[in-house]
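Counting begins at 1 with the first residue of the sequence.
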Amino acid sequence: MIAKPLLRTAVSWIAIAAFAAACATSSTPGAGGSASSGPATAESAATFVQNAEAELMRRSEYEGRVAWVYNTNINFDTEWLLQRSDAEGTEARVRLASEAGRYANVELPADTRRKVDLLRLSLTLPAPQREGAASQLSEITTRLASTYSTGRIDYQGRQVTLDELETLMGTERNPARLEEIWTKWHAVAAPMRQDYARMVEIANEGARDLGFANVGQMWLSKYDMPAAEMETEVERLWGQLQPFYEQLHCLVRARLNDRYGDAVVPMDQPIRADLLGNMWAQDWSTLMPIVRQPGSRATYDTTQLLTRARYTPVSMTETAERFYTSLGMPELPDTFWERSLLTRPRDRDVVCHASAWDIDNVDDLRVKQCIQINAEHFQTIHHELGHNFYQRAYNQQPFLYRDGAHDGFHEAIGDFIALNITPQYLVDINLLRRNQIPPESADTNLLLERALEKISFLPFALTMDQWRWQVFDGRITPDRYNAAWWELRQRYQGIRPPNARGEEFFDPGAKYHIANNVPYLRYFLSYVLQFQFYEAACRQAGWQGPLHRCTVYGNREVGERFQRMLQMGSSHPVAGRARSLHRHAADGWRRYGPLLPTAHDPNAGTKPRP
């Protein structure tokens with residue numbers, strides 16, 4: 001996940017030809033050299049954009065430092081600072097977005113037009129332009145974030161944090177204990193419900209002030225195509241990928257039924273969400289010991305390899321950095337190691353959810369992750385550093401272009417690198433011996449483990465924003481928040497809660513990105529794009545074997561093309577090229593198709609129960 005106060009090329013690379021703000025800044029309307037007093041012309045637009053970029057550059061660094069202090073030390077004072085910083089920043093961006101709207105129908109040079117449009121879409125939650133609205137919105141969002149990040153549950157006689165609970169959800173196999181952990185964590189989110197409803201009201205009012213019907217339409221407008229077209233495009237993409245998920249769902253339900261029996265996993269019902277090896281049922285890879293074909297040979301356990309090699313959070317991060325430097329990229333600056341947070345402190349509350357930071361939009365790069373020594377966190381740190389290397393690559397662009405082509409591209413960069421964590425890569429970094437590389441006969445299990453991680457995620461990612469889009473546009477009202485959440489999860493994921501969930505609960509808020517208002521479509525798109533990045537890179541590297549065994553570790557030619565793509569930032573629109581990329585979304589997933597039907601019980605059914 002990328003962390004940046006101004007939430008924000010790769011496309012041509014996929015064609016293989018391209019791969020082959022500060023306290024001193026006033027938040028009073030008119031600050032930053034607004035040209036609103038005169039006529040809206042191309043000349044005034046250029047002046048407006050120049051002044052806006054200078055103001056946001058200053059403001060962004062200040063906001064970044066305040067946000068970092070809050071995220072790494074949650075207390076009354078840092079909450080106060082964050083609320084004030086967020087309110088001031090929201091007011092400034094609403095002012096700039098409103099000013100940008102003056103140029104909607106003015107003929108502008110392409111570069112100015114792109115920057116004006118980026119300014120209009122620069123907010124995630126806009127506040128109305130009335131006194132006190134930004135402060136009220138900031139108070140609510142900070143309270144939601146703190147409720148999530150400071151949450152703990154009583155379990156087996158002690159207070160347990162979420163990062164430990166996540167590990168337990170992947171290792172515990174007793175259904176009663178899993179239900180207890182799941183239920184207690186989801187109860188942490190219940191107090192968010194009223195705040196969330198009020199937040200939606202305020203932010204929707206702010207979106208209407210900027211010319212959008214609601215916040216959901218604003219989010220969907222950030223992909224260089226009309227919002228309605230983007231929503232249709234997302235459903236079309238899911239239509240291509242859904243058959244893979246349906247096969248995986250049937251396989252997993254059958255294997256869980258074998259383990260737990262009809263009383264716990266009935267074959268004619270959705271799967272219990274707490275049994276899927278993850279607090280949110282978004283990644284099922286920890287179920288591999290259960291789902292693996294009976295009698296088939298195990299491959300290797302990356303968590304065991306890391307533990308036996310005495311890896312630490314720092315050495316895991318150093319290993320991830322070496323992947324990028326092996327491609328020819330410069331090492332991370334010394335300040336990265338001095339200022340990053342890589343373990344959970346014992347003396348204070350922090351936001352442990354992994355994120356990558358670019359504090360000054362130049363080279364003050366950091367990662368915040370409470371790293372545990374396991375395979376999932378090994379992948380995550382490879383992913384997070386992808387954000388940092390992307391951020392540094394585009395730091396010579398004008399401020400408004402210091403971002404990914406779109407947020408899905410930003411996520412896909414690190415995901416692509418994580419796909420390279422193959423047996424050969426583990427040999428290259430001396431974590432696996434060459435004679436331990438699984439033979440070709442183990443490919444089914446290698447692919448199955450990847451499918452449990454990747455394919456299972458797709459409908460979850462879709463559900464996250466489908467729920468919010470419908471909340472923002474009024475199709476889901478506050479009296480049905482929880483019911484609608486589970487209706488969508490059953491429709492897309494074929495899962496159900498382990499117990500009755502009434503409207504006294506707020507189960508969506510048990511996920512970081514809901515409580516912290518991080519749009520989630522980026523992750524769905526990244527899962528479409530990462531395989532196309534991966535295939536193009538491996539082809540460029542001349543890889544001859546099965547694609548899922550490819551690693552481009554150490555390939556400077558791939559790294560050179562990769563770096564050129566990253567340096568473009570968000571300077572080029574991606575709408576037409578994105579459609580081309582999306583058109584064949586299923587291509588990168590087809591290698592999983594043959595393994596799923598052969599692995600699942602033909603009596604398991606053919607698709608998730610609707």
Side-chain angles (χ1 to χ4, degrees), residues 1-3 64-65 67-74 149 161-167 170-171 300-360 362-393 413-422 425-433 512 551 553-554 559:
M1 171 184 162
I2 182 175
R65 298 195 185 283
W68 178 262
V69 170
Y70 164 79
N71 272 259
T72 57
N73 189 3
I74 303 172
S149 294
T161 58
L162 177 58
D163 40 320
E164 185 175 350
L165 295 175
E166 288 186 67
T167 299
T171 55
Y300 54 84
D301 185 324
T302 304
T303 297
Q304 287 184 2
L305 295 175
L306 292 165
T307 303
R308 290 171 181 170
R310 301 184 183 277
Y311 266 66
T312 65
V314 171
S315 61
M316 282 175 63
T317 307
E318 290 171 338
T319 299
E321 180 196 27
R322 281 196 293 273
F323 193 107
Y324 293 88
T325 58
S326 81
L327 301 178
M329 299 180 182
E331 293 181 349
L332 293 166
D334 290 343
T335 53
F336 173 90
W337 303 101
E338 297 164 3
R339 299 169 186 172
S340 289
L341 186 149
L342 301 178
T343 58
R344 175 187 280 276
R346 296 181 179 180
D347 61 343
R348 63 189 189 272
D349 282 318
V350 301
V351 179
C352 261
H353 187 87
S355 56
W357 297 64
D358 181 11
I359 300 290
D360 63 355
V362 183
D363 59 5
D364 190 349
L365 306 170
R366 309 180 190 182
V367 157
K368 175 187 59 60
Q369 181 183 347
C370 300
I371 296 177
Q372 299 180 44
I373 311 305
N374 59 45
E376 180 184 356
H377 283 222
F378 190 61
Q379 286 198 336
T380 300
I381 190 61
H382 280 74
H383 166 89
E384 294 301 336
L385 291 193
H387 291 304
N388 285 147
F389 280 93
Y390 199 176
Q391 289 160 336
R392 186 169 60 183
I413 297 304
D415 286 342
F416 148 63
I417 295 297
L419 285 173
N420 286 267
I421 302 176
T422 61
Y425 172 59
L426 298 181
V427 170
D428 290 342
I429 62 173
N430 298 314
L431 199 57
L432 189 72
R433 295 193 303 272
Y512 173 89
T551 182
Y553 179 71

- Query: If you round to the nearest 0.5 Å, how far is CG of Leu432 from OH of Tyr300?
  - Reply: 6.5 Å

- Check whether any side-chain N or O of Gln369 sits under 3.5 Å from a backbone N or O of Leu341 as a donor-acceptor pair, and report yes or no. no

- Message: Under a 3.5 Å distance rule, please check whether Lys368 uses its side chain to pair with a backbone N or O of Ala356 as donor and acceptor.
- Response: no

- Query: Just how far is it from atom CD of Gln379 to atom CD1 of Ile421, taken to the nearest 0.5 Å?
  - Reply: 5.0 Å

- Item | Value rounded to 0.5 Å, distance of CZ in Arg344 from CD in Gln372 | 9.0 Å

- Task: Answer whether the closest heavy-atom distance between the side chains of Leu327 and Ile417 falls below 4.5 Å.
- Result: yes

- Query: For residues Arg322 and Thr325, is any side-chain donor paired with an opposing acceptor at under 3.5 Å?
  - Reply: no

- Look up atom CG in Asn420 and atom CG in Leu426, then write down how far apart they are to the nearest 0.5 Å. 11.0 Å

- Item | Ile429 side chain near Phe323 side chain, heavy-atom distance below 4.5 Å | no

- Please work out whether the ring planes of His353 and Tyr512 are parallel, tilted or perpendicular, with thresholds of 30° and 60°. parallel

- Item | Atom pair CG/CD of Asn374 and Gln304 - distance to nearest 0.5 Å | 12.5 Å

- Message: Walk me through whether Ile373 and Thr303 qualify under side-chain contact (heavy atoms from CB on, under 4.5 Å).
- Response: CA-CA 7 Å; Ile373 311 305; Thr303 297; over 6 Å; no

- Message: Does Val350 form a side-chain contact (heavy atoms from CB on, under 4.5 Å) with Ser149? I'd like the steps, not just the answer.
- Response: CA-CA 7 Å; Val350 301; Ser149 294; over 6 Å; no

- Has the side chain of Tyr324 got a donor or acceptor atom that lies under 3.5 Å from a matching backbone atom of Gly386? yes

- Task: Flag the pair Asp364 and Arg339 as a salt bridge only when some basic side-chain nitrogen lies within less than 4.0 angstrom of an acidic carboxylate oxygen.
- Result: yes

- Going by heavy atoms in the side chains, are Arg65 and Ile359 under 4.5 Å from each other? yes

- Audit row: Arg392, Asp363, salt bridge (charged side-chain N to carboxylate O under 4.0 Å, His left out) steps and yes/no: CA-CA 6 Å; Arg392 186 169 60 183; Asp363 59 5; over 6 Å; no

- Task: State whether the side chain of Thr312 and the backbone N or O of Ser315 hold a donor-acceptor pair below 3.5 Å, judged by distance alone.
- Result: yes

- Quick one: does Phe389's side chain get under 4.5 Å of Ile413's, heavy atoms only? no

- Message: For the aromatic rings, using the six-membered ring if either is Trp, is the centroid distance between Tyr425 and His382 under 6.0 Å?
- Response: yes

- Measure the CG-CG distance between Asn388 and Leu365 for me, rounded to the nearest 0.5 Å. 5.0 Å

- Query: Do any N or O atoms from the side chain of Ser340 and from the backbone of Phe336 form a donor-acceptor pair under 3.5 angstrom?
  - Reply: yes

- Message: Contact between Phe378 and His383 at the side-chain level, heavy atoms closer than 4.5 Å - yes or no?
- Response: no

- Task: Determine, stepwise, if the pair Thr319 / Thr317 fulfils side-chain contact (heavy atoms from CB on, under 4.5 Å).
- Result: CA-CA 5 Å; Thr319 299; Thr317 307; over 6 Å; no

- Message: More than 12 heavy atoms of other residues, nucleotides or ligands under 6.0 Å from CZ of Arg348: yes or no?
- Response: yes

- Message: If you apply the rule side-chain contact (heavy atoms from CB on, under 4.5 Å), what do you find for Leu385 with Val367, and how did you get there?
- Response: CA-CA 8 Å; Leu385 291 193; Val367 157; 3.8 Å; yes

- Query: Side-chain donor-acceptor pair under 3.5 Å between Trp357 and Ser355, yes or no?
  - Reply: yes

- Message: Ignoring hydrogens, what is the shortest heavy-atom contact between Gly554 and Ser326? Give both atom names and the distance.
- Response: N-OG, 2.9 Å

